[in-house]
Amino acid sequence: MAEAGIAVAAVFKAACPDCRASFELAAGALRLAIGASDRTTFYSFTCPDCGSAVRKPAGERIVELLTGGGVRTLRLHTTA
């Protein structure tokens, strides 16, 4: 448990679909994009083992966890 006044860095478990490695990533290693639909809402990272760019869909719960954990978020806007 963290002491008062000491921030605990969020760490997220992730896996690479290319090399099948499993690892933990700090919030700074992830990016979250929130679009107008489920299809345009995703998170991404670079696999630390093989260097592949990974993009995975992000549902409501994942969005909550990532934003609450300090992951940088980009809100995608649509033009009319």
Side-chain angles (χ1 to χ4, degrees):
M1 182 169 253
E3 293 181 33
I6 298 176
V8 176
V11 176
F12 300 93
K13 291 184 182 203
C16 178
D18 292 340
C19 72
R20 304 215 185 277
S22 293
F23 38 82
E24 292 184 341
L25 295 172
L30 294 154
R31 301 291 176 272
L32 174 63
I34 299 176
S37 71
D38 289 343
R39 287 184 8 167
T40 57
T41 300
F42 61 90
Y43 65 99
S44 61
F45 58 89
T46 300
C47 176
D49 287 1
C50 72
S52 289
V54 179
R55 178 175 159 166
K56 295 189 174 187
E60 263 185 58
R61 182 69 180 136
I62 291 175
V63 169
E64 287 176 22
L65 291 170
L66 295 178
T67 56
V71 172
R72 281 186 266 176
T73 303
L74 173 65
R75 295 201 181 270
L76 304 175
H77 298 281
T78 57
T79 55

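Note that these values count all heavy atoms, side chains included, but never hydrogens, waters or copies made by symmetry. All values derive from a computational prediction rather than experimental measurement.
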* Structure fact -> Here the pair of heavy atoms bringing Cys47 nearest to Cys19 is SG-SG, 3.7 Å
* Enter the distance from Thr73:OG1 to Arg31:CZ here, rounded to the nearest 0.5 Å. => 10.0 Å
Show the atom names and distances, to 0.1 Å, of all donor-acceptor pairs under 3.5 Å that link a side chain in residues 48-69 to residues at least two apart or in another chain.
residue: Ser52; atom: OG; partner: Asp18; partner atom: OD2; Å: 2.9
residue: Lys56; atom: NZ; partner: Ala15; partner atom: O; Å: 3.0
residue: Arg61; atom: NH1; partner: Glu64; partner atom: OE1; Å: 3.4
residue: Thr67; atom: OG1; partner: Val63; partner atom: O; Å: 2.8
residue: Thr67; atom: OG1; partner: Glu64; partner atom: O; Å: 3.3

* Considering all heavy atoms, the nearest Thr41-Gly35 contact -> OG1-N, 3.1 Å
* With distance as the sole test, does Thr40 use its side chain to make a donor-acceptor pair with the main-chain N or O of Ser37 at under 3.5 Å? -> yes
* To do: May I have all residue pairs that pass ring pair (Phe, Tyr, Trp, His ring centres under 6.0 Å) and include part of residues 33-65, sequence neighbours excluded?
  => Phe23-Phe45
